[in-house]
Each structure stands twice: as structure tokens, then as C-alpha cells.
Amino acid sequence: MIQMKNVMKQYDNGVIAIKDLSLTVDPGEFLYVIGPSGAGKSTVIKMLYHELKPTSGSIQVGKYDLATMAPSDVPYFRRNIGIVFQDFKLLPRLTVFENVAYAMQVVEAKDEDIKPRVLHVLKLVGLEQKLRRFPSELSGGEQQRVAIARAIVNAPDVVIADEPTGNLDPDTSEGIMDILERINADGTTVIMATHNREMVNERPHRLLEIAGGRLVRDEQGGSYSDEE
Amino acid sequence: MIQMKNVMKQYDNGVIAIKDLSLTVDPGEFLYVIGPSGAGKSTVIKMLYHELKPTSGSIQVGKYDLATMAPSDVPYFRRNIGIVFQDFKLLPRLTVFENVAYAMQVVEAKDEDIKPRVLHVLKLVGLEQKLRRFPSELSGGEQQRVAIARAIVNAPDVVIADEPTGNLDPDTSEGIMDILERINADGTTVIMATHNREMVNERPHRLLEIAGGRLVRDEQGGSYSDEE
Amino acid sequence: MKSNVFMRHVRDSLKSLKRNGWMSVAAVSAVTVTLLLVGIFLALLLNVNRVSTQVENDVRVRVYIQKGTTKKQQAALKDQLEGLANVKKVTYRSASQELNSIVGSYGSQWAMFRGDQNPLNNIFLVDTKDAKDTISVAKRADKFKHVSEATYGGTTAKKLFRTVATIQRWGAFFTILLLFVAVFLISNTIRITILSRRDEIKVMRLVGATNAYIRWPFLLEGAWTGLFGSLLPMLIVDFGYGLVARNAHFTEAANGFSLYPNMPFLVWLDLGMALIGIVIGGLGSVVSMRRYLKA
Amino acid sequence: MKSNVFMRHVRDSLKSLKRNGWMSVAAVSAVTVTLLLVGIFLALLLNVNRVSTQVENDVRVRVYIQKGTTKKQQAALKDQLEGLANVKKVTYRSASQELNSIVGSYGSQWAMFRGDQNPLNNIFLVDTKDAKDTISVAKRADKFKHVSEATYGGTTAKKLFRTVATIQRWGAFFTILLLFVAVFLISNTIRITILSRRDEIKVMRLVGATNAYIRWPFLLEGAWTGLFGSLLPMLIVDFGYGLVARNAHFTEAANGFSLYPNMPFLVWLDLGMALIGIVIGGLGSVVSMRRYLKA
Ligand SMILES: Nc1ncnc2c1ncn2[C@@H]1O[C@H](COP(=O)(O)OP(=O)(O)OP(=O)(O)O)[C@@H](O)[C@H]1O
Ligand SMILES: Nc1ncnc2c1ncn2[C@@H]1O[C@H](COP(=O)(O)OP(=O)(O)OP(=O)(O)O)[C@@H](O)[C@H]1O
Ligand SMILES: [Mg+2]
Ligand SMILES: [Mg+2]
């Protein structure tokens with residue numbers, strides 16, 4: 001499903017964020033990515049959905065080899081991936097409903113399918129009362145939940161989430177985790193960068209730890225507190 | 001120090017985010033504000049530093065009555081408060097160093113005082129290596145730490161932080177909490193909205209819980225997990 | 001593209017225009033002011049061009065008829081002149097009419113020549129189809145029978161031709177300059193608005209939108225901006241030109257000059273302004289976006 | 001404000017201009033193109049105005065001297081004419097010079113009047129200080145001794161006055177329109193850039209900056225934008241005007257018309273453009289920011 005081989009990433013300013021990282025993720029896995037602030041978690045995730053290109057090494061996601069993929073294929077490639085960005089990246093000029101619907105419109109879903117599906121996922125994340133709000137009229141956690149709803153609305157093969165519960169209280173976080181585990185149970189691959197120790201320890205899955213741009217741990221059901 | 005009396009806040013779109021909230025904070029207190037996503041934590045915090053005005057009720061912070069404060073006094077009022085915004089609000093066109101220095105420049109600090117002080121606080125939050133980076137070249141947690149450095153650089157009377165550890169790993173969060181507790185021990189009032197159950201439970205302070213726009217709990221040393 | 005998708009783009013573009021609030025207002029008003037300038041100056045330049053052509057056409061060949069020529073011979077000469085290539089019209093003026101115009105501009109002491117004393121000849125004024133033909137027509141008429149002399153104003157006319165050519169050359173230069181400036185300013189305004197929305201465009205890419213899908217609403221929004229920006233200039237230019245043309249009518253008609261009549265002229269001018277607005281607004285959007293549609 | 005704080009604002013404004021990258025480029029080039037238009041059209045309009053005044057000043061009073069007036073009497077008349085209020089210059093032209101100019105423009109059959117046959121008078125051409133005084137000077141000269149008649153071109157002159165007045169009225173209108181458009185377009189461009197940075201301004205407020213402290217770098221950045229935007233237009237206009245004026249020199253001098261000489265003219269024009277850029281750029285920033293400095 002996903003294969004990274006000897007990936008190195010140097011940013012334009014010279015920072016080497018990822019040094020040498022190889023990784024295989026099978027379809028249907030649930031993967032935590034942890035590591036200290038600035039370790040390189042977001043960098044890895046951004047390379048997975050091709051926002052960033054690796055400086056060297058190769059990345060294969062599904063049938064796409066990201067190094068050789070034509071620019072015109074990128075949108076189609078991304079349609080199989082639902083992404084929750086660390087900074088949400090909602091469209092400021094669209095309402096909650098429209099933000100989520102946009103992700104369906106771009107895959108040319110039919111109008112009559114869009115409405116019920118969008119309402120359904122917004123209900124899942126507990127925002128069914130705020131359809132007409134603009135992102136600027138939402139609390140931080142509400143914005144984050146819109147981002148989550150948008151990521152799952154197309155029922156993608158892979159959901160990649162960068163700290164999807166950073167702005168959520170523990171109860172709401174549990175709710176979101178329930179959703180992610182449920183879609184994972186239905187076959188969706190889930191990759192999730194997180195700082196939430198409690199969650200990692202209480203809901204064990206495969207755990208990847210990155211530190212200083214290197215993979216320092218990759219263990220099934222590992223727990224966050226190991227190093228303490 | 002801080003006194004809110006029967007504060008009600010209705011947003012322009014009609015949402016009543018805070019229903020009737022009264023609150024007194026003494027100088028030197030350390031206060032957690034918790035509550036589910038959308039409860040009204042950020043709204044209370046924004047009223048405290050006068051980004052929002054209450055629809056009714058009165059707020060007194062230090063010698064300022066926020067309802068009657070002249071617009072020209074607002075900057076001077078804010079200089080006694082260090083704020084960590086939930087969405088960071090860094091200036092995108094300034095480097096890490098400049099962002100923190102800016103907060104000192106506006107209070108007309110001398111150039112020769114600015115440099116050592118800025119370097120000091122950036123070292124505290126672990127960013128001494130990234131002085132010349134722009135915010136867009138930082139990881140989420142690094143941006144959050146710049147925001148924290150900016151909030152404390154002027155050694156204000158009050159630090160108000162809206163989820164200052166939402167994007168930080170547990171270890172870094174501990175470090176930030178150490179800093180906040182240290183300046184609190186030196187007499188600074190600290191008010192902090194957070195979702196971090198572990199932290200609230202391990203470092204007990206006065207705990208304020210907001211739900212649905214109302215104060216539902218206010219107890220010294222309360223713990224997050226009470227309701228579970 | 002399916003037609004319901006296109007309708008969605010149209011709806012989205014209008015929604016976006018509305019939600020962009022002040023940014024849209026600023027962009028539309030930049031287009032408005034630019035096109036207003038274009039409309040007004042273009043109306044001026046085109047009419048200067050027209051009038052200068054009319055002035056040039058005022059240059060006529062003066063054919064002096066020998067004294068003692070009979071009416072019949074005069075009529076034959078007129079036919080001959082009218083038969084020349086490039087001749088549009090031949091007008092007869094008697095010697096006393098000629099003298100009157102001299103008295104009018106050179107002073108009354110010329111009046112003593114009135115009547116039999118009149119040393120002047122009867123003349124034919126020959127209008128050519130194109131002012132440039134004046135010289136050749138004069139040369140040919142000079143050789144006809146009963147013609148004592150055929151002149152075309154000599155150096156004065158040559159000077160006039162040169163002046164008119166200069167004016168028209170500069171008119172063309174200023175017209176092109178104006179159009180270039182308008183195109184640049186409108187597309188530049190659009191560019192700035194796109195620039196301030198580059199993050200939005202990137203997000204659209206990130207959630208799987210194709211470039212075409214992203215482009216359409218922006219293209220349409222740019223075109224709307226251009227269209228809405230051209231409405232006020234059209235109104236003002238139509239109204240203002242109508243006013244000026246009406247007032248000018250009496251004074252100018254006396255001099256034999258005329259502005260373009262309102263009707264087809266304003267339609268073309270309006271169409272030109274609307275087209276510049278719409279095309280440059282839409283194209284400007286698409287071109288400005290290119291850079292953000294790469295990754 | 002302490003001077004080191006001001007120097008900081010200057011540094012910050014330049015830094016910000018640089019870091020805003022394409023946005024700055026777009027703003028500067030909008031100013032460039034606008035001022036280029038202003039510079040070129042202003043050079044045109046001001047010169048049209050000047051030449052039309054020169055044409056008007058060509059209208060002179062013609063004082064016909066009675067036949068048989070002695071040289072001495074003529075000299076006395078000349079003194080008298082020069083003594084009139086508003087008279088600038090009095091020029092003598094003999095009857096044969098007059099006839100020659102008629103032959104030049106009306107045809108050679110007038111040549112038969114050469115020599116003793118010449119029915120024309122010797123005349124004085126009187127230039128007035130202001131073309132408008134022509135009529136009153138003519139009226140007074142008419143009553144002097146040895147004057148058979150004093151004319152000022154009659155309806156032709158009146159028509160000319162009217163035409164020149166119309167041209168100058170329109171010239172003023174277009175100049176004002178142009179300046180208004182320039183001011184609007186430049187401030188509007190600045191407004192859009194400020195609009196796209198409103199969040200920054202709000203953040204500055206939130207970290208305790210006073211409005212004055214926030215305003216200065218933006219004001220200066222706007223002024224730099226205006227200044228840098230005026231450099232290219234200054235160069236182009238200076239160079240282009242030099243070129244045109246040099247070429248026009250020979251042809252126009254012959255007609256007695258002249259463009260403004262480069263030297264003080266271009267300095268004023270450049271100064272005007274730079275001032276518009278700097279002042280509107282700076283003021284535009286400050287005005288556009290007002291709304292975001294409220295809370
Ligand atoms: N656009 C960029 N340009 C330059 N350096 C960058 C850029 N983005 C991130 N970095 C650097 O790369 C390193 C890894 O960043 P990354 O965002 O992957 O960290 P992270 O593990 O996601 O951290 P966090 O938990 O704080 O979000 C950091 O040192 C960061 O400063
Ligand atoms: N600008 C706004 N306009 C309208 N409604 C708003 C605005 N900001 C927040 N709200 C609403 O007010 C309520 C309280 O929001 P607030 O941001 O205070 O929540 P919060 O407790 O900080 O939540 P979180 O933990 O998710 O940040 C929410 O229902 C939110 O939707
Ligand atoms: Mg990250
Ligand atoms: Mg909040």
C-alpha cells in the first residue's frame with residue numbers, strides 16, 4: 001500500500017528534516033506516528049500526500065510512484081487520501097457545509113449524493129448544528145472537527161491525520177478516535193501523527209516513533225510512555 | 001486583579017457563547033480553564049484581553065475597566081498581559097527572533113535590552129537554533145513555542161494562554177509547564193485553557209470548568225478526570 | 001464539463017465575489033476607474049482623429065476660370081472636372097462671393113473692388129475623395145481649357161497635411177498606450193487579489209481538485225469583476241458623450257466638423273470597454289493562478 | 001518619536017517591502033504604469049495648452065495706416081500704439097509685404113497689383129500682452145490719427161478664441177480626470193495590499209503596539225512603493241520628452257509654436273509624479289489601515 005524507501009528530505013533553507021527513512025504500511029493498518037516537536041512527523045506526512053517531494057529516496061502509495069507521477073495525476077492520486085492538516089486548512093470563504101461538500105464536488109459526486117453524505121459526516125463529528133458557520137466563527141476544536149469531516153467524507157482508502165485531536169478535549173478526542181477506528185475496521189488505512197500519550201497507550205496500534213528525522217521505533221502496540 | 005461580573009457574550013451571528021459568568025482571579029494565581037470543545041473557553045480568554053467585548057456585564061483587569069477603557073489605552077493595557085493565542089498569530093513576514101522582539105519593541109524597550117532577553121526566552125522554549133526561520137518554516141509545535149516565548153518576553157503581570165500545549169509532545173509540554181509555573185512562582189498570574197487531562201491532574205492548580213457557556217466548576221486543585 | 005458542473009462554477013464564482021467583500025469592491029472599482037479613463041480618453045482620441053481627417057478634407061482645389069468664359073463653357077468645364085478620377089464634388093463660386101470672403105478676413109478697404117472693379121475670377125472649388133489627391137487633381141485641372149490657374153493652397157495645405165499626419169500618429173500612439181495601460185492595470189489588480197488568495201488555491205489542490213476545477217470559478221470571478229467594473233463607465237460615457245455631442249452639434253456643424261454620431265459609436269465603445277473588462281479580468285485570473293497550480 | 005525608533009520603522013518598512021515579494025512587485029508596477037500614463041498624458045495636455053495659447057497669441061491687431069502718411073507721422077503713431085495699455089509689441093509691415101502674403105495664399109493672379117498698383121496700405125501689427133485684449137486695443141487704435149482702420153480678424157479671431165477656450169477647458173478637464181484616476185488607482189492598489197494584510201495588523205494590536213507604532217512602517221512602505229513606482233516613469237518621460245522635443249523643434253519653430261523646453265518642465269513633471277507616488281502611497285496606506293486599528 002505505502003512504501004517509503006531511504007527517503008531524505010532537505011528543505012530549501014538547508015534543514016534536513018528527514019534523514020533516511022524506510023517504511024512499509026499494509027492496507028488496513030492503523031499507524032500512530034509520534035515523536036518530539038520538530039522531529040519530522042509532519043514532513044513525513046506531507047511527503048505521503050505529495051505536498052512535499054523527497055530530496056532523495058522513493059515513495060509508492062497505492063499504484064502511484066510519487067517521484068514519477070505526472071502533475072496532472074496528482075489530484076486523482078489525492079482523491080484516495082483523506083487528509084487532516086495540522087493547521088486545518090479550511091477554505092475561509094466557505095461555510096462548514098461547503099467546506100466538506102467541496103471535497104466531494106471535486107471528485108464529481110452528484111449533487112443529490114453530496115448533501116446527505118456531508119450531513120452524515122458532520123453529524124459524526126458533532127457539528128450538525130453549525131452547517132452555515134464560516135471557519136472564523138468556530139472554536140479551534142470545531143475547526144479541527146470540520147477538517148476531520150472533510151478528510152473522511154469521500155470514504156478514502158487512506159486517512160492521514162496530523163494531530164487531529166490537538167485542539168480537542170479528551171471526550172471529543174475519544175469520539176474522533178472511535179470514528180477513525182471504525183473506518184479502519186472497514187478497511188481504511190489510518191496514519192495519525194499525535195502527541196496524545198493517553199490515547200496511544202489506551203488504544204494500542206502500530207507505533208512509529210521519529211526523532212531527529214530518523215525512525216527510532218516501529219512496534220506493534222507500542223506505548224508512548226516507554227521512554228519515560 | 002481580574003474580575004468578571006455577570007458577563008454575557010453574544011456573537012454577531014446570534015450565538016450566545018457565554019451566558020452568565022462571574023469570576024475573580026487574585027494576583028499570582030494559576031488557573032486552568034477546561035471544558036469541551038466549543039464550551040466558551042477561548043471566548044472568555046478573548047474578553048480578558050479585550051479582543052472581544054462582552055455583550056453585557058463588566059470586566060476589570062488590574063486598574064482597567066474594560067467597558068470604559070479608551071481605545072487609545074488598549075495597547076497600554078495589553079502590555080501587562082502576555083497572550084498565547086490558540087492559533088498562534090505569529091507575524092508571517094517576521095523571523096522567529098523578530099516575532100518575539102516585536103513584542104518588546106512595541107513597549108519601547110531599548111535595542112540593547114531586546115537582544116539578550118529575546119535570546120533568553122527563545123532558549124527557554126528550545127528554539128535557540130531557529131532564530132532566523134520564518135513561521136512557515138517551522139513545525140506546528142515550534143510555532144506554538146514561538147508564541148509562548150512572545151507571551152512571556154516582557155515579563156507581564158498576567159499570562160493568558162489558550163491551549164499552549166495543543167501541538168506539543170508530552171516532554172516539551174512538561175518543559176513549557178515548568179516555565180509557566182516558574183514565572184507563576186515569581187508572582188505572575190497565569191490563566192491557561194487546556195485539554196490536557198494528564199497535565200491538569202499531575203500539576204493541580206485552581207480549576208475552572210466551562211460548559212455550554214456557563215461556569216460549572218471552580219475548585220482549587222480539581223482534577224480533569226472528575227466527571228469520568 | 002457537464003452543464004450542471006458549469007452552473008456550479010457560475011454560482012460559486014458569484015458567491016465568492018460576494019464573500020470577498022471589500023477585496024471585490026476594490027477590484028471592481030479599480031476596473032471601473034480604469035475603464036472610465038479608457039472610455040473618456042478613447043472617445044476624445046477617436047474624435048480628434050475624425051475631426052483632423054475632416055479638417056484635412058477641407059483642403060480643396062481652387063480652379064480659377066478665365067475671364068470671359070461663357071456659361072456653356074463653364075458648364076462643360078464643370079463636367080470635365082467632375083469626370084476626373086478621385087473628384088467628389090465641384091462647387092461654383094462667383095468672383096463677388098470670393099471678394100466678400102476676402103473683405104471678411106482682410107479688412108474693409110478691399111470693399112472698393114466690389115462690382116466691375118473686381119479683379120477676381122469666378123472659380124470652381126473641387127473636393128477630392130481623399131485629401132491626399134488634392135495635389136494631383138490640381139495639376140490635371142491646371143491643363144484644362146478656360147482654366148487660368150488651379151491651386152491647392154500650396155505650402156499651407158502641405159503644412160496642414162503634415163500636422164494632421166502628426167496628430168493622427170500621436171493619436172494612435174496614445175490610444176495604444178491607453179489600451180496597454182488598461183490591460184496592465186486590470187490584470188495587475190486581479191493578480192494582487194489572486195496573490196492574496198494563493199493559500200486557498202493550494203488548499204483546493206490538496207483536497208484533490210483538478211486545475212481546471214479550481215480555475216473555472218476564479219476565471220468567472222475575474223470576468224464578473226471586469227463586467228461589473230465596466231457598467232458604470234459605460235453609463236457615464238454614454239451619458240456624458242450624449243451631452244457633449246448635443247452641445248457640440250451647433251457650434252461644430254457651423255465649422256463643417258462633426259463628432260461621431262452617438263449611435264453606432266457608443267455601442268462600439270461600450271462593447272470595447274466591457275470586452276476589455278471581461279476578457280482581461282478572466283484571463284488575468286487564469287494567468288495569475290498558474291504559479292499556484294503547479295504542486 | 002525617538003530617532004532610533006524612527007530609523008527602526010524605516011528599516012522595517014524596507015524589510016517588509018522586500019519580504020512581501022510578488023505583492024510588492026505588483027504594487028510597485030501598478031504605480032509605475034499609472035504614473036507612466038500620467039506623465040505622458042500630462043506632458044501632452046500641458047503642451048496642447050501651451051500651443052493653443054501660442055496660437056491664440058498669434059491673433060494681432062492690424063492697424064491700417066492712411067495713404068500719404070509721412071515717416072515721421074508713422075513713427076509718432078507707433079509711439080502712440082506702444083503707449084497703449086496691454087500692448088506688447090508693434091511691428092511695421094509695408095503694403096508690398098502684405099501683398100506678397102496674399103499672393104502666397106490666394107493665388108498668383110493677385111501679383112498684378114504689385115508695385116504702384118498696390119491698393120493695400122502699410123500697416124502696424126500690434127501684439128497684445130494677452131490675446132483677450134486684442135479687441136479693446138483695436139477699438140482704441142481705430143480712433144488714432146492717420147489710422148484708416150484697425151481690425152483684429154473679426155469672426156475668425158472670435159472663432160479662434162472660442163476654439164482655444166474649448167480646448168483649454170477640455171484640457172483642464174482631462175488633466176483633472178487623469179490626476180483623479182491616478183490618485184484613485186494608486187491608493188486603491190495600496191488598499192488591496194493592506195486588505196490582504198489586515199490579519200497582521202490585528203496581531204500587532206493584540207501584542208500591544210499602539211496605532212502610531214503600527215502605522216509608521218506601513219506608511220513608509222506605501223511611500224517607498226510610490227517612490228520606486230515613480231522611478232521608471234520619470235526616466236521614460238524624461239528620455240521620451242527629450243527625444244520628441246528635439247525632433248519637434250525644427251518643424252514647430254517654423255510655425256512659431258514651441259513645446260515647453262526640457263529644463264524646468266521635466267523637473268516639475270518628475271517632481272509631480274514622484275510626489276503623487278509618495279504622498280498617495282503613504283497616505284493611502286494610512287487611510288486604508290484605519291478600519292483595522294479600531295479594536
Ligand atoms: N517549510 C519548512 N522549511 C524549512 N524547515 C522546515 C519547514 N517545515 C518544517 N521545517 C523543519 O523541519 C523539521 C521537522 O518539521 P516537522 O513539521 O516535520 O516537525 P513535526 O514532527 O511535525 O513537529 P510538531 O510536532 O511540532 O508538529 C523541524 O526542525 C522544522 O523546523
Ligand atoms: N467569531 C465567532 N462568531 C460566532 N460564533 C463564534 C465565534 N467564535 C466562537 N464562536 C462560537 O462560540 C462558542 C464558544 O467558542 P470558543 O472558541 O469560546 O470555544 P472553546 O471553548 O475555546 O472551544 P475549543 O476548545 O474548541 O477551542 C462555540 O459554539 C463557537 O462556535
Ligand atoms: Mg507537525
Ligand atoms: Mg478555544
Side-chain angles (χ1 to χ4, degrees), chain A residues 11-15 17 34-43 46 85-88 125-127 129-130 132-145 162-163 165-176 193-201 209-211 224-225 227-228, chain B residues 11-15 17 34-43 46 85-88 125-127 129-130 132-145 162-163 165-176 193-201 209-211 224-225 227-228:
Chain A
Y11 281 106
D12 289 344
N13 63 358
V15 177
I34 65 166
S37 174
K41 303 179 293 301
S42 298
T43 305
K46 285 176 185 170
F85 305 94
Q86 191 169 6
D87 55 356
F88 316 153
V125 299
L127 290 175
Q129 304 294 331
K130 318 213 157 159
R132 294 186 186 288
R133 299 271 196 91
F134 288 96
S136 62
E137 299 171 340
L138 295 178
S139 81
E142 286 164 349
Q143 290 178 37
Q144 192 155 38
R145 284 181 279 158
D162 201 348
E163 305 204 25
T165 60
N167 284 273
L168 295 176
D169 60 286
D171 287 347
T172 312
S173 298
E174 299 285 330
I176 296 298
T194 186
H195 290 312
N196 197 324
R197 177 156 48 189
E198 253 184 344
M199 183 173 297
V200 171
N201 293 347
E209 184 172 343
I210 296 177
Y224 207 120
S225 32
E227 75 242 74
E228 281 217 302
Chain B
Y11 281 106
D12 290 344
N13 64 357
V15 177
I34 64 165
S37 175
K41 303 180 295 298
S42 298
T43 305
K46 285 176 186 168
F85 305 93
Q86 190 170 8
D87 54 356
F88 317 153
V125 298
L127 289 176
Q129 304 294 332
K130 318 213 155 158
R132 294 186 186 290
R133 299 273 195 91
F134 288 96
S136 61
E137 300 171 338
L138 295 177
S139 81
E142 287 164 350
Q143 291 178 38
Q144 190 155 42
R145 284 181 279 157
D162 200 349
E163 304 203 26
T165 60
N167 284 275
L168 296 176
D169 59 287
D171 288 347
T172 312
S173 298
E174 299 285 332
I176 296 299
T194 186
H195 290 313
N196 197 325
R197 174 155 51 188
E198 254 184 345
M199 183 174 294
V200 170
N201 292 346
E209 185 172 343
I210 296 178
Y224 206 119
S225 32
E227 74 241 74
E228 281 219 301

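These numbers were taken from a predicted model, which means no experiment stands behind them.
With a 4.5 Å cut-off on non-hydrogen atoms, A:R132 does not touch chain B at all. Contact of A:T172 with chain B is made through the side chain alone, with heavy-atom distances under 4.5 Å. Looking at A:S139, only its side chain comes within 4.5 Å of chain B, counting heavy atoms on both sides. Looking at B:N13, the atoms closer than 4.5 Å to chain A (heavy atoms on both sides) all sit in the side chain, from C-beta outward. Looking at B:E142, both its backbone and its side chain come within 4.5 Å of chain A, counting heavy atoms on both sides.
Looking only at distances, no side-chain donor or acceptor of A:D169 sits under 3.5 Å from a matching main-chain atom of B:H195. The backbone N or O of A:E209 sits nowhere less than 3.5 Å from a side-chain atom of A:K41 that would complete a donor-acceptor pair. Between the side chain of A:D162 and the main chain of A:F85, no donor-acceptor pair closer than 3.5 Å is present. Distance alone, capped at 3.5 Å, is enough to place a donor-acceptor pair between the B:N201 side chain and the B:Y224 backbone.
Heavy-atom pairs under 4.5 Å with chain A peak, among B:N196, B:V15, B:D12, at B:V15. Of the listed residues (A:Q86, A:K130, A:Q144), the one with the most heavy-atom contacts under 4.5 Å to chain B is A:Q86.
Considering only heavy atoms from C-beta on, B:T165 comes within 4.5 Å of B:M199 through its side chain.
The distance from the OG atom of A:S37 to the CG atom of B:L127 is 7.5 Å, given to the nearest 0.5 Å.
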